[in-house]
Amino acid sequence: MAIAYNERTHRCGSLRKENVGDTVTLAGWVNNYRDHGGMVFIDLRDHEGLTQLKFNPDTDPAAHEIARTLRNEDVIAIRGTVATRGENVNPKMLTGEIEVEASGADLLAKSKPVPFEISDHVEANEELRLRYRYLDLRRPQIQNIFRVRHQLTKTIRDFFDDEGFLEIETPVLTKSTPEGARDYLVPSRVQQGSFFALPQSPQIFKQLFMIAGFDRYAQIVRCFRDEDLRGNRQPEFTQVDMEMAFVKRDDVMNTIDRCVVRIFKEILDVDIETPIRHMSYAEAMERFGVDRPDTRFGLELQDITDVVRETGFGVFKGAIESGGAVKCIVAPGGAELTRKVTDGLTEELKGIGAGGMPVTKVVDGADGPEFATGVAKFMQEFCKGICEKTGAKVGDAIFFMPGSYKDVCKYLHFVRTRLAEILGVIPEGRWDLVWVVDFPLVDWNEDEKRWDSTHHPFTAPFEEDIPLMKTDPGKVRSDAYDLVLNGEEMGGGSIRIHRQEVQRAVFDLLNISEEDAQLKFKHLLEALAFGAPPHGGIAFGLDRWVMKMTGQESIREVIAFPNTQRATCPLTDAPGSVDEKQLLELGIDIRPEVRAKLEKSAE
RNA sequence: GGGGCCGUAGCUCAAUUGGUUAGAGUACCGGACUGUCGAUCCGGUGGUUGCGAGUUCGAAUCUCGUCGGCCUCGCCA
């Protein structure tokens with residue numbers, strides 16, 4: 001008799017000893033089978049958990065016959081009676097006190113042997129996992145990630161709903177903006193020769209919502225950027241996007257503080273202290289060398305430019321004379337580090353463009369602490385000064401970095417992060433949140449010889465800094481803010497420019513002509529002329545939040561069907577070629593040199 | 001575009017550093033087994049060592065190229 005699989009009485013994670021004696025119907029996948037010739041045991045799996053099924057030839061020969069043929073990942077439905085396991089309780093299973101004695105079984109779908117085991121014990125390589133992602137997604141730990149993802153989006157939506165935000169969708173087929181990241185383009189058939197762009201973010205649209213008078217908008221929205229991938233970057237990703245009218249930056253940050261508190265409480269049952277602390281961009285760069293400081297540990301950067309100003313040591317002297325700096329990191333107990341480790345660090349640094357890294361160790365000398373090994377002989381005369389300035393003690397190692405301020409920051413940030421791993425000083429279970437504020441409005445682009453927006457061209461400068469735009473643009477601070485969690489940027493936003501004359505001044509500074517501005521941002525500029533309320537907002541990388549909250553190392557783990565580093569999908573084989581007919585309709589063609597390359601690789 | 005690591009059975013990994021017929025666990029197939037739970041025991045199938053050149057008496061191992069994966073710099077307003 002067929003089992004009514006559409007009338008499951010329970011799920012596989014729910015049966016307990018209170019259910020003993022109940023007649024139940026379950027359905028799911030064969031997680032594992034143990035065939036004793038007589039007795040057959042099957043662990044049945046569904047989205048909730050595992051239940052052991054027992055097939056006894058004396059109880060039900062027909063069901064037992066079916067059970068003997070079952071293999072992993074076969075889909076079955078069974079009917080049976082819940083029984084206690086007596087002496088044979090399995091404490092490792094949530095349902096380990098019971099089992100279901102099957103009195104009927106249906107094979108609903110046979111499975112081929114799977115390319116990799118669906119289990120906690122075996123980890124297949126990532127490419128294979130992505131190629132058979134639907135099998136990978138069967139693993140309970142992976143399903144849990146998506147459960148957290150669901151809870152997180154629900155919590156965020158509930159929060160914004162409670163605070164009076166409206167979720168409104170914005171276009172996916174929209175207009176290319178030449179600023180910022182490379183756009184994904186979609187050719188138009190109706191307007192041959194024209195292209196839509198997929199949004200890098202709904203930035204302008206959300207500002208238009210404010211001008212439209214919605215007051216508060218929030219959306220969980222897919223965004224696209226055609227740039228190279230990283231462990232925490234995918235070409236399509238999900239933003240939590242919000243905008244508020246009639247606010248100053250503290251209002252936005254306070255709102256997010258409340259949201260973050262709620263997220264941590266509801267998802268992880270962790271209490272976050274508010275207000276989340278603020279740190280200026282300048283302080284972050286000075287102490288950590290990066291605008292997303294990891295404040296869970298020390299190893300901060302220390303400036304010793306003044307201490308060693310009179311040095312004859314070539315690289316230090318050169319850096320100082322050309323207006324740069326000499327900074328260092330003191331590694332407590334670093335004298336224990338082997339030559340191999342410090343040399344390895346130097347090699348890694350060279351890999352990202354550094355010339356090298358002078359290192360020395362502080363030892364007990366005849367006359368107090370002195371330097372030993374490495375660049376000791378060049379630095380000995382400054383030992384006392386450096387130790388006083390930095391607090392370095394006997395047994396420590398000091399890693400020096402001379403160069404331009406930018407380079408020193410970049411390389412020492414790298415050193416700091418690696419040292420923290422090597423020394424094992426990153427505490428577990430910490431959630432260090434910090435708002436980085438007072439970013440510079442613009443950044444000098446040496447290659448192009450022009451000022452670029454640090455954030456984006458609609459970010460408001462500090463009112464009191466506006467006069468500096470003409471005289472010293474690099475000093476102008478912007479009303480922008482980034483939220484950083486454990487050294488990773490989780491989101492960023494700003495107060496926007498709502499007055500035309502300020503917007504024009506910023507465009508001037510960015511060397512965007514009136515014509516250009518009209519061409520690129522006409523819709524926003526026009527709207528600003530019709531009474532724009534002061535407004536500001538922020539956007540979060542949802543994927544990064546899920547990644548952090550589930551303890552994953554890669555963003556790919558928290559996206560159902562992610563891309564590889566070369567932006568392909570091993571499961572669908574996207575992107576793929578299209579018919580000539582499709583190209584014809586769109587009025588576009590593959591360039592000859594690309595065609596030639598494709599034909600060559602097809603051979 | 002640059003730097004680094006990797007690619008051996010369906011899967012996870014070995015192969016004494018260039019040496020005879022490339023092994024093990026697992027999966028799969030056959031057999032045994034009535035309390036297992038990563039079942040056990042016996043037997044079996046399974047390999048273009050990513051691909052292509054080269055060096056060598058001899059290459060999984062060395063060299064070059066190429067393809068693919070991951071990390072990273074640039075890039076990501």
Side-chain angles (χ1 to χ4, degrees), chain A residues 31-43 50-59 64 71-73 83 85-93 95-96 99 101 111-132 135 177-183 200-201 203-204 223-235 237 344 347-354 410-411 414 417-418 439 441-443 445 447 451-459 478 480 489 492 494 506 510 512 520 539 541 553-554 556 563-566 568 570 600-601:
Chain A
N31 194 64
N32 191 18
Y33 66 94
R34 296 174 292 279
D35 184 350
H36 288 250
M39 206 85 86
V40 175
F41 296 98
I42 302 276
D43 293 333
L50 292 173
T51 297
Q52 174 167 287
L53 311 178
K54 183 176 78 174
F55 294 86
N56 190 329
D58 305 332
T59 313
H64 178 257
R71 294 296 177 269
N72 289 352
E73 303 312 316
R85 289 217 211 165
E87 297 295 300
N88 302 299
V89 165
N90 182 351
K92 286 191 242 169
M93 286 174 86
T95 59
E99 64 193 354
E101 287 189 64
S111 173
K112 290 205 302 187
V114 281
F116 51 87
E117 209 177 318
I118 318 281
S119 89
D120 306 355
H121 315 285
V122 181
E123 188 80 8
N125 87 54
E126 196 175 345
E127 196 183 359
L128 196 73
R129 287 175 54 203
L130 294 187
R131 179 153 168 234
Y132 298 97
L135 296 179
T177 51
E179 310 288 309
R182 202 173 287 119
D183 287 315
Q200 298 174 23
S201 84
Q203 180 60 36
I204 289 175
C223 300
F224 307 84
R225 294 180 189 173
D226 188 4
E227 295 293 345
D228 286 354
L229 285 71
R230 283 288 189 283
N232 61 5
R233 273 178 7 208
Q234 283 273 304
F237 58 100
E347 280 310 305
E348 287 181 68
L349 268 177
K350 286 180 181 166
I352 64 169
K410 176 179 162 189
Y411 299 136
F414 178 84
T417 312
R418 288 288 293 124
F439 283 84
L441 181 72
V442 289
D443 197 29
N445 183 331
D447 296 337
W451 294 101
D452 282 345
S453 289
T454 307
H455 198 57
H456 58 55
F458 319 116
T459 300
S478 72
E489 185 195 325
S494 63
V506 169
L510 297 172
I512 297 174
K520 292 169 180 169
E553 296 286 330
S554 160
R556 292 182 298 276
N563 285 322
T564 67
Q565 194 167 43
R566 287 183 65 248
T568 64
K600 198 179 166 199
S601 69

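In what follows, every chain begins at residue 1, and chains take the letters A, B, ... in the order their sequences are listed.
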- prompt: Looking at residues at least two apart in the chain, or sitting in another chain, which of them share a side chain to side chain donor-acceptor pair (under 3.5 Å) with A/Lys410?
  reply: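 Side chain to side chain donor-acceptor pair (under 3.5 Å) list for A/Lys410, sorted by chain: empty.
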- prompt: What residues form a side chain to side chain donor-acceptor pair (under 3.5 Å) with A/Glu489, not counting sequence neighbours?
  reply: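 Partners of A/Glu489 under the side chain to side chain donor-acceptor pair (under 3.5 Å) test: none.
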Given [options], which nucleotide is nearest the side-chain atoms of [X]?
X	options	answer
A/Arg230	B/C75, B/U34, B/C76	B/C75
A/Pro57	B/U34, B/G68, B/C70	B/U34
A/Ala124	B/C75, B/U34, B/C11	B/C11
A/Asn90	B/C76, B/C73, B/G38	B/G38
A/Gln565	B/C71, B/C75, B/U36	B/C71

For atom [atom1], what is the distance between [N] and [M], given to the nearest Å?
N	M	atom1	result
B/C70	B/G30	C1'	41 Å
B/U16	B/A22	C1'	14 Å
B/A27	B/C41	P	11 Å
B/C73	B/U56	C1'	39 Å
B/G54	B/U61	P	14 Å
B/G25	B/A15	C1'	15 Å
B/A53	B/A14	P	28 Å
B/C71	B/G10	P	26 Å

Are [X] and [N] close enough that a side-chain N or O sits under 4.0 Å from OP1 or OP2?
X	N	result
A/Arg182	B/C75	no
A/Thr564	B/G69	yes
A/Lys54	B/U34	no
A/Arg131	B/G69	no
A/Arg233	B/C70	no
A/Asn125	B/U12	yes
A/Arg85	B/G35	no

message: Applying a 4.0 Å non-hydrogen cut-off, can you work out what A/Glu127 is touching in the nucleic acid: base, sugar-phosphate, or nothing?
response: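 Sugar-phosphate contact only.
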Tabulate protein N/O versus nucleotide N/O from nucleotides 4-6 of chain B, keeping only pairs under 3.5 Å, one per line.
none

query: Is B/U40 paired to anything, Watson-Crick or G-U wobble with both distances less than 3.5 Å, and if yes, which nucleotide?
result: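 The answer is B/A32, by the H-bond criterion.
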- request: State the pairing partner of B/U49; accept Watson-Crick or G-U wobble contacts with both distances under 3.5 Å, and report none otherwise.
  value: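 No nucleotide pairs with B/U49.
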Find every protein N or O atom lying less than 3.5 Å from an N or O atom of nucleotides 27-30 of chain B, and list the pairs.
| residue | atom | partner | partner atom | Å |
| --- | --- | --- | --- | --- |
| B/C28 | OP2 | A/Tyr33 | OH | 3.4 |
| B/C29 | OP2 | A/Arg71 | NE | 3.2 |

Which whole-number value in Å describes the distance from [X] [atom1] to [N] [atom2]?
X	N	atom1	atom2	result
A/Gln234	B/C75	CD	P	21 Å
A/Lys410	B/G74	NZ	C1'	8 Å
A/Asp443	B/C75	CG	P	10 Å
A/Leu128	B/U26	CG	P	20 Å
A/Glu87	B/C37	CD	P	16 Å
A/Asp228	B/C71	CG	P	12 Å
A/Phe414	B/C71	CZ	C1'	11 Å
A/Arg566	B/G68	CZ	C1'	8 Å

- prompt: Does B/U17 fall in syn (glycosidic angle within 90° of 0) or anti?
  reply: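 Syn.
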query: Checking A/Gln234 side chain against A/Asn563 main chain: does a donor-acceptor pair fall under 3.5 Å?
result: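 It does hold such a pair.
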- prompt: Between A/Glu73 (side chain) and A/Ser111 (backbone), is there a donor-acceptor pair under 3.5 Å?
  reply: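 A pair under 3.5 Å: no.
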Lys/Arg-Asp/Glu bridge criterion (N-O < 4.0 Å) met for A/Lys350, A/Glu347: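 Salt bridge flag = yes for A/Glu347 with A/Lys350.
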- prompt: Between A/Asp228 and A/Arg233, is there a side-chain N and carboxylate O pair less than 4.0 Å apart?
  reply: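 Salt bridge absent between A/Asp228 and A/Arg233.
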message: Ignoring hydrogens, what is the shortest heavy-atom contact between A/Gly180 and A/Gln200? Give both atom names and the distance.
response: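 Nearest heavy atoms, A/Gly180 then A/Gln200: C-OE1, 4.1 Å.
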message: Just to verify, what does A/Phe439 make a ring pair (Phe, Tyr, Trp, His ring centres under 6.0 Å) with, not counting sequence neighbours?
response: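 For A/Phe439, the residues satisfying ring pair (Phe, Tyr, Trp, His ring centres under 6.0 Å) (neighbours in sequence not counted) are A/Tyr281.
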Using the 3.5 Å cut-off, write out each protein N or O paired with an N or O of nucleotides 40-42 of chain B and the distance between them.
none

- request: Examine the base of B/G3 for any acceptor or donor lying under 3.5 Å from a partner atom in the side chain of A/Lys350, and report the outcome as yes or no.
  value: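 Check fails, no donor-acceptor contact within cut-off.
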- prompt: Does the side-chain ring of A/Phe41 lie flat on the base of B/U36, meaning centres under 5.5 Å and planes less than 30 degrees apart?
  reply: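 The ring of A/Phe41 is stacked on B/U36.
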